[in-house]
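This chain uses plain numbering: 1 for the first residue, then up along the sequence. No hydrogens, no waters, no symmetry mates; every other heavy atom, side chains included, goes into these values.
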Amino acid sequence: MIKIIAVLCSLSSPTKCHEQTVTTSDFVALSVRSCLMGAPQLAEWMKQHPAERLAAWRCVIGKQDGRGA
């Protein structure tokens, strides 16, 4: 399983950031290469959450370690 973990910050409070699992390969065709290149799924997810700013993202292979989201 491949997950995209995004670090999102509130536009109204820029120092308030959190991690969010944006997508996993369980739901969409997501390769390591597309994840590392920014993945179109990430852009689509951001369109649906206009009150947040994308600060960073990372690709995680396997299960999430329980941090964040």
Value rounded to 0.5 Å, distance of OG in Ser10 from NZ in Lys16: 6.5 Å
Closest heavy-atom pair, Pro14 versus Cys17, reported as atoms and distance to 0.1 Å, is O-SG, 3.6 Å
Do Met46 and Val22 belong together in a cluster built from hydrophobic side chains that touch within less than 4.5 Å? yes
Decide yes or no on side chain to side chain contact (heavy atoms under 4.5 Å, CB included) for Leu54 and Leu8, but give the supporting numbers first. CA-CA 5 Å; Leu54 177 65; Leu8 304 167; 4.0 Å; yes
Any side-chain heavy-atom pair of Glu52 and Gln20 under 4.5 Å: no
Going by an N to O cut-off under 4.0 Å, is there a salt bridge joining Glu19 and Arg58? yes
